[in-house]
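Report on the structure given below.
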Amino acid sequence: MFRSSDEQLKVLCARAVQIETVDELRKKLDASRAANRPLRVKLGMDPTAPDIHLGHTVVLRKMREFQDLGHKAVLIIGDYTALIGDPSGKTKTRPMLSAEEIKRNAETYFQQAGKVLDTAPGKLEIRYNSEWLAPMRLADVIKLCSKMSVARMMERDTFEKRYKAGEPISIHEFLYPLMQGYDSVCIQSDVELGGTDQTFNNLVGRQLQADAGQQSQIVMIMPILPGLDGVHKMSKSLGNYIGVSEPPNEVFGKAMSISDELMWQWYAMLLGKTEVEITALKVGHPMEAKKALAAALVERLHDADAARAALEHFDKQFSKKKLDEVAEPLAVPAGKIGLIELVEKSGVFKSRSDIRRVIQEGGVQLDGQKITDPKAVIEPRVGQILRAGKRVVRKIELQS
RNA sequence: GGAGGGAUACCAAAGUGGCCAAAUGGGCCUGACUGUAAAUCAGGUGGCUAUGCCUUCGAAGGUUCAAAUCCUUCUCCCUCCA
């Protein structure tokens with residue numbers, strides 16, 4: 001049923017930045033084959049952020065590789081850990097989520113994760129960590145805390161940095177790694193996946209499992225995907241992300257806006273291209289390589305047809321400037337109308353002052369003619385193309 | 001419990017009575033250049049029925065012709081000592 005450990009290792013170790021430890025993983029794989037038992041591969045999910053983006057797919061794809069090799073994905077919904085919030089993020093305290101919100105977020109999450117994971121019942125197990133964390137008594141918590149020293153906890157880079165910078169660290173944040181580690185004990189995970197920011201948390205799981213007399217999980221750390229800006233990690237709060245549920249044209253357009261340097265990183269991290277393959281790509285025109293990347297991403301999140309359509313759309317809008325073929329309709333009443341009112345109907349600007357500014361800055365065109373007078377009054381005709389800023393392209397239609 | 005420091009726009013951070021819709025940096029937006037790149041350069045970045053008006057500097061009151069700035073009370077945060 002299972003392929004040889006060597007074959008599996010070759011697939012599984014690809015792209016990982018750290019594995020604790022490869023030897024142990026090999027042993028687990030050997031034992032799994034011998035007993036014909038799939039490994040339990042754990043991945044935690046934070047129910048406060050239901051939007052999955054490409055950054056998450058780096059880890060999710062690794063999970064998929066485990067599934068494809070016959071192993072079992074165990075998704076942990078951190079409904080209880082969400083009460084704390086992962087200290088690796090911002091220091092702001094999180095609002096408590098209601099049971100319904102968590103459920104809704106979790107559903108959204110699965111819907112999106114399903115674009116990457118195999119959701120067949122035998123391949124995927126879903127658990128809420130409130131199942132075992134909520135019933136704990138204070139005595140249980142104290143016992144759990146006794147497993148960890150402050151010095152050890154302070155090794156965690158975010159704690160160390162914050163402490164040195166004089167930023168507050170609440171005691172309850174120390175519980176986060178312990179709770180996450182305890183999850184591993186409760187579900188008896190064989191492997192835990194995570195991004196580099198999860199290294200510490202995942203390693204705690206190893207220790208707690210050993211304390212509990214279990215075989216320690218393998219910790220497999222995947223790289224963090226840089227966001228559209230090429231500087232910070234891809235994250236929702238920074239707004240530098242491509243969501244897995246975004247429409248094809250958005251995915252394509254955003255992918256095209258990244259720097260060339262970042263493009264190669266994405267090729268490696270998202271498409272699994274090797275250095276040799278990337279070197280070969282660098283021979284061609286960077287824009288063609290970027291279009292191929294963008295198309296591949298659209299195909300992955302949607303399908304091949306969508307990828308072709310997005311490429312065509314992009315060419316029309318930006319390369320060939322066939323704006324009338326890509327413009328979305330904009331219904332306006334017949335007769336004269338102020339330019340500001342006209343642009344306002346597109347519904348994408350936050351205020352009329354904002355529109356006024358864009359007009360003055362030369363960002364508004366009607367049929368290719370720049371109009372820079374915010375007081376301009378025009379009489380739009382059917383079929384005229386209105387452009388406002390880089391992204392708004394509308395074709396005028398008259399309201400009946 | 002004691003002492004001290006702090007809260008300013010999306011973020012960081014100046015500003016200690018009028019010249020403050022508030023310096024500067026980052027972010028973001030627009031334009032130029034391009035490959036819708038990136039980098040660079042230029043401009044912009046509270047709202048509005050707009051050369052003016054309205055709302056904003058933790059909250060509420062007060063002093064003043066005039067308050068982000070002074071006073072009072074309150075809320076929240078941080079550090080150190082115990």
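Residue numbers begin at 1 in each chain, while the letters A, B, ... track the order of the sequences.
At a threshold of 4.0 Å, the pair Glu361(A)-Arg357(A) does not count as salt-bridged, since none of the basic side-chain nitrogens sits closer than that to a carboxylate oxygen. The pair Glu192(A)-Arg206(A) does not count as a salt bridge, with every side-chain nitrogen at least 4.0 angstrom from each carboxylate oxygen. A salt bridge links Asp6(A) and Arg26(A); the closest N-O separation between the charged side-chain nitrogens and carboxylate oxygens is under 4.0 Å.
Nucleotide rA42(B) has rU30(B) as its partner under the Watson-Crick or G-U criteria, with both atom distances under 3.5 Å. Look at rC76(B): its Watson-Crick or wobble partner, with both distances under 3.5 angstrom, is rG6(B). Pair check for rG17(B) finds none; no Watson-Crick or G-U wobble contact set falls under 3.5 Å. In this structure rG35(B) sits in no base pair that meets the Watson-Crick or G-U test at under 3.5 Å. For rG1(B), the paired base is rC81(B) (Watson-Crick or G-U wobble, both distances below 3.5 Å). Nucleotide rU51(B) has no partner under the Watson-Crick or G-U criteria, as no pair reaches both atom distances under 3.5 Å. Remark: rA23(B) base-pairs with no nucleotide; criterion is Watson-Crick or G-U wobble with both hydrogen-bond distances under 3.5 Å.
For Asp229(A) against rG27(B), no side-chain N or O and base N or O form a donor-acceptor pair under 3.5 Å. Under 3.5 Å, the side chain of Glu361(A) and the base of rG43(B) form at least one donor-acceptor pair of N or O atoms.
The phosphate of rA32(B) (OP1 or OP2) has a side-chain N or O of Lys370(A) nearer than 4.0 angstrom. Taking 4.0 angstrom as the limit, Arg356(A) places none of its side-chain polar atoms (N or O) nearer than this to OP1 or OP2 of rG44(B). In terms of phosphate contacts, Ser351(A) brings a side-chain nitrogen or oxygen within less than 4.0 Å of OP1 or OP2 of rC48(B). Contact between the side-chain N/O atoms of Lys254(A) and the OP1/OP2 oxygens of rU36(B) is not found at any separation under 4.0 Å.
If you take CD of Gln360(A) and C1' of rU51(B), they are 12 Å apart, rounded to a whole angstrom. Atom NZ in Lys390(A) sits about 11 Å away from atom P in rC28(B), given to the nearest Å. Residue Ile359(A) contributes atom CD1, which lies 15 Å from atom C1' of rG31(B) at whole-angstrom precision. If you take CG of Asp260(A) and C1' of rA38(B), they are 6 Å apart, rounded to a whole angstrom. Rounded to an integer number of Å, the gap from CG of Leu293(A) to C1' of rA38(B) is 15 Å. Atom pair Lys316(A):NZ and rG35(B):C1' shows a separation of 20 Å (rounding to whole Å applied). With rounding to whole Å, Phe349(A) atom CZ is found 18 Å from rG46(B) atom C1'. Distance Met263(A) CE to rG35(B) C1': 10 Å, rounded to the nearest Å.
Across rU49(B), rA38(B), rG35(B), the shortest atom-to-atom separation from the side chain of His285(A) is found for rG35(B). Which of rG46(B), rU30(B), rC48(B) sits closest to the side chain of Ser353(A) comes down to rC48(B). Counting only heavy atoms from C-beta on, Lys290(A) has its side chain closest to rG35(B) among rG35(B), rG47(B), rU49(B). Of all nucleotides listed (rG35(B), rG31(B), rU45(B)), rG31(B) comes nearest to the side chain of Arg387(A). Counting only heavy atoms from C-beta on, Met287(A) has its side chain closest to rG35(B) among rG44(B), rC48(B), rG35(B). Of the listed nucleotides (rG47(B), rU36(B), rU49(B)), rU36(B) has the atom at the smallest distance from the side chain of Met256(A).
Taking the C1' atoms as reference points, rG31(B) lies 14 Å from rU36(B), given to the whole Å. For rA68(B) and rA7(B), the P atoms lie 16 Å apart once the distance is rounded to whole Å. Between the C1' atoms of rU16(B) and rU69(B), the separation comes to 5 Å (whole Å). Taking atom C1' on both rU8(B) and rG15(B), the two are 9 Å apart, rounded to the nearest angstrom. Distance noted for atom P between rC77(B) and rU72(B): 23 Å (whole Å). For the P atoms, the distance linking rG43(B) with rA23(B) amounts to 15 Å, nearest Å. For the C1' atoms, the distance from rG25(B) to rA14(B) is 11 Å, rounded to whole Å. For the P atoms, the distance from rG18(B) to rC71(B) is 15 Å, rounded to whole Å.
Rounded to the nearest 0.5 Å, atoms CD1 (Ile76(A)) and CG (Asp79(A)) are 10.0 Å apart.
The cationic group of Lys254(A) lies under 6.0 Å from the six-membered ring centre of Tyr241(A) and within 45° of the ring axis, placing it in a cation-pi geometry.
As judged by a 4.0 angstrom heavy-atom cut-off over every strand, Gly239(A) is placed among residues making no nucleic acid contact.
Taking for each of Arg391(A) and Ser259(A) the nucleotide of RNA chain B with the nearest heavy atom, the 5'-most of the two is the partner of Arg391(A).
By the 30° and 60° cut-offs, the orientation of the rings of Tyr267(A) relative to Trp264(A) is parallel. Relative orientation of the His71(A) and Phe2(A) rings is parallel, given thresholds of 30° and 60° on the angle between their planes.
Glu277(A) contributes a side-chain N or O that, together with a main-chain N or O of Thr274(A), makes up a donor-acceptor pair within less than 3.5 Å.
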